[in-house]
Amino acid sequence: MEDPLDNLGPKKLIKKHEFVRVIIQCLYSLGYRKSAVCLESESGIGYKSDEFETLESHIRDANWDACIDRLNRLNGLTNETRASALFLVLKQCLLEYLNSGDDSSALEILRKKISGLEAGKDKVHRLAFGLLSFKELGLDKVDPDVINNFRKKLLIELEKVLPPPITLPDRRLEYMVEMAVWSQIDNCVFHNSVDAISLYEDHRCDGSQFPTKTIQVLTNHRNEVWYVQFSNNGSYLASSSSDCTAIIWKVLDDGKLIQRHVLESHRKPVSFVAWSPDDTMLLTCGNIEVLKLWDVETGTCKHTYGDDGFIVSSCAWFPDSKRFVCGSSDPEKGIYMWDSDGTEIKSWKGTRMPKVLDLAITPDGEKLITIFSDKDIRILNVGTGVERVISEEHPITSLSLSGDGKFFIVNLNSQEIHMWDVAGELLSPMKYKGHRQHKYVIRSCFGGLDSTFIASGSEDSKVYIWNRRGSKPIEILCGHSMTVNCVSWNPKRPQMLASASDDQTIRIWGPDVQSR
């Protein structure tokens with residue numbers, strides 16, 4: 001047994017023998033063979049265990065009986081692992097018997113030894129069929145060099161099957177270092193940069209890549225701004241207002257935004273916008289009014305859906321950019337699915353249909369998530385019709401989906417934001433608190449690098465930001481003078497955030513480099 005006093009590190013948690021061994025493995029994997037051999041010689045520690053070197057010797061000498069006996073005498077193997085290792089060795093043995101013309105020995109191995117393993121009947125049948133077909137095609141006579149390559153491949157496969165310390169997992173040191181780096185990133189509440197992490201020092205972001213400073217105020221709307229959303233490619237921002245217009249803004253290379261188009265054909269306030277996945281089209285929802293489809297390049301209206309009595313609460317695109325759904329807060333209207341040419345494809349409506357407050361479609365187009373009857377969340381598999389319902393205790397005002405489609409957040413008028421997973425693995429939601437929401441529709445969003453953060457508007461005129469792992473805000477952004485209705489994080493620029501307010505402005509937030 002290794003002396004604990006030989007352990008390494010301030011806490012003496014690292015076994016010296018194991019540490020040197022994984023270093024040797026790393027040197028071999030990086031191509032530094034001479035250095036690896038030198039370290040093995042100087043330390044007296046081999047990359048390969050004595051057990052595996054014995055197996056390797058038997059395999060290279062085609063001493064199959066000794067190899068099988070050694071596998072059967074190895075300690076610490078589960079029955080499944082031992083059977084898998086024996087299957088690999090016997091398969092090679094069978095192949096070599098066939099190659100030498102000893103069909104009877106090959107058949108005996110298949111019938112008596114391989115068939116008796118706990119390797120699964122299908123696996124054995126596939127092996128028998130494959131090798132017999134191999135022989136029928138006349139491919140059983142192979143060059144000795146090919147046989148040697150098969151033996152090398154067998155050794156590689158055994159290294160993957162046999163557990164430590166007999167073998168080492170592939171690139172073990174690189175994996176452990178990467179996990180250590182990832183752990184530091186995971187514990188860094190402000191991590192928001194794609195830059196590679198240095199191994200020379202512990203990682204901790206100072207917030208210099210975080211959007212905390214107003215870098216631009218957009219004042220083109222003439223009334224309350226209710227909604228903002230960046231395009232999927234991050235090159236545009238769309239906003240809608242109670243001034244009955246929507247505006248498409250262009251994001252310039254230097255991070256500034258300029259007005260590209262004003263969309264003016266709505267006669268009532270515009271409460272919602274939705275970008276097509278390919279960013280060529282934009283949907284705008286009027287408040288108790290029609291739904292309109294716009295060409296992003298020209299700013300012209302391509303189609304109008306519904307009539308003046310059609311109450312649209314929200315809409316969402318399918319990933320093909322050809323179909324979308326919209327929900328209505330009028331129970332008799334329900335949910336409609338249209339194509340971009342104006343053809344109604346499907347609808348869910350009727351007296352039993354509750355009002356729809358908000359909806360979203362996962363990026364793969366498989367799930368339709370809707371907010372029903374104030375407190376219920378329905379996750380519907382569009383293809384199978386299977387649905388799951390989550391009930392909240394307090395009224396829900398809005399819904400937002402993560403970029404990867406695995407999570408969604410809902411704003412509640414109880415001054416909480418809840419995060420659920422689409423797959424249904426979470427038994428209870430992650431909860432985020434600190435912002436103010438009593439009577440208005442407040443919208444939140446995921447954002448930052450890998451959607452690590454959640455941002456939300458608030459009735460106290462501030463923007464609140466949380467790291468998804470914590471319930472308390474890590475930043476509170478001040479600047480607006482009235483309720484912040486909606487926020488949107490640029491999906492391609494993790495340091496850019498937009499907020500829309502009743503003060504008739506849109507604020508663009510970026511890093512405050514000077515103060516850090």
Side-chain angles (χ1 to χ4, degrees), residues 226-227 229 232 238 240 246 263 265-296 301-374 376-389 396-401 405 408 410 422 441 443:
W226 287 354
Y227 200 90
Q229 188 180 62
N232 300 286
S240 67
L263 315 180
S265 69
H266 281 284
R267 291 180 293 172
K268 294 182 180 179
V270 184
S271 56
F272 195 92
V273 301
W275 291 92
S276 62
D278 62 8
D279 293 323
T280 62
M281 294 171 285
L282 183 75
L283 287 168
T284 57
C285 300
N287 190 24
I288 317 179
E289 201 201 5
V290 294
L291 177 70
K292 290 182 178 289
L293 177 68
W294 303 83
D295 182 281
V296 172
C301 183
K302 297 181 66 175
H303 199 84
T304 298
Y305 305 82
D307 50 41
D308 289 344
F310 188 58
I311 306 173
V312 181
S313 57
S314 60
C315 47
W317 289 86
F318 281 90
D320 59 8
S321 293
K322 296 178 180 178
R323 299 167 297 147
F324 62 88
V325 292
C326 67
S328 175
S329 55
D330 181 350
E332 294 185 2
K333 302 295 183 182
I335 299 174
Y336 284 84
M337 182 191 299
W338 274 306
D339 65 18
S340 56
D341 294 325
T343 304
E344 181 182 319
I345 301 173
K346 191 175 182 178
S347 65
W348 297 266
K349 58 185 178 179
T351 55
R352 297 179 60 187
M353 186 73 178
K355 63 180 180 179
V356 179
L357 300 178
D358 206 347
L359 53 76
I361 295 173
T362 53
D364 58 12
E366 292 184 359
K367 302 288 196 312
L368 170 63
I369 306 171
T370 52
I371 306 301
F372 275 151
S373 300
D374 293 338
D376 292 335
I377 307 164
R378 187 183 77 163
I379 303 173
L380 172 70
N381 186 306
V382 178
T384 66
V386 175
E387 66 177 54
R388 177 168 62 92
V389 176
I396 304 168
T397 64
S398 63
L399 161 73
S400 182
L401 193 63
F408 64 89
V410 290
V422 175
V441 174
R443 298 185 184 275

Any sub-3.5 Å donor-acceptor pair from [X]'s side-chain atoms to [Y]'s backbone N or O?
X	Y	result
Arg388	Val422	yes
Thr362	Lys367	yes
Ser313	Gly327	yes
Asp341	Thr343	no
Asn232	Asp279	no

* Contacts of Leu357 that satisfy side-chain contact (heavy atoms from CB on, under 4.5 Å) - sequence neighbours left out ->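 Per chain and number, Leu357 pairs via side-chain contact (heavy atoms from CB on, under 4.5 Å) with Lys355, Ile371, Asp374.
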Shortest non-hydrogen contact from [X] toward [Y]:
X	Y	value
Val270	Trp226	O-CE3, 3.9 Å
Gly365	Pro319	CA-CD, 3.6 Å
Tyr305	Ser340	OH-O, 3.3 Å
Val273	Gln229	O-OE1, 3.7 Å
Ser265	Trp294	OG-CH2, 3.3 Å
Pro363	Leu401	CD-CD2, 4.0 Å

* **Residue of the set Val356, Ile361, Ile345 for which side chain to side chain contact (heavy atoms under 4.5 Å, CB included) holds with Val325** =>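 Testing Val325 for a side chain to side chain contact (heavy atoms under 4.5 Å, CB included) against Val356, Ile361, Ile345 leaves exactly one candidate, Ile361.
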Would a 4.5 Å heavy-atom cut-off, applied to side chains only, mark [X] and [Y] as touching?
X	Y	answer
Phe272	Val312	no
Ile379	Phe408	yes
Leu291	Tyr336	no
Lys292	Leu283	no
Val389	Arg378	yes
Trp317	Met281	yes
Arg443	Asp358	yes

As an exercise, state the distance from [atom1] of [X] to [atom2] of [Y], rounded to the nearest 0.5 Å.
X	Y	atom1	atom2	result
Ile335	Leu359	CD1	CG	6.0 Å
Thr304	Glu289	OG1	CD	9.0 Å
Thr284	Leu263	OG1	CG	6.5 Å
Asp339	Met337	CG	CE	10.5 Å
His266	Cys285	NE2	SG	7.5 Å

* **Pair Thr280-Asp278, side-chain donor/acceptor within less than 3.5 Å** =>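 Yes, Asp278 and Thr280 have a side-chain donor paired with an acceptor closer than 3.5 Å.
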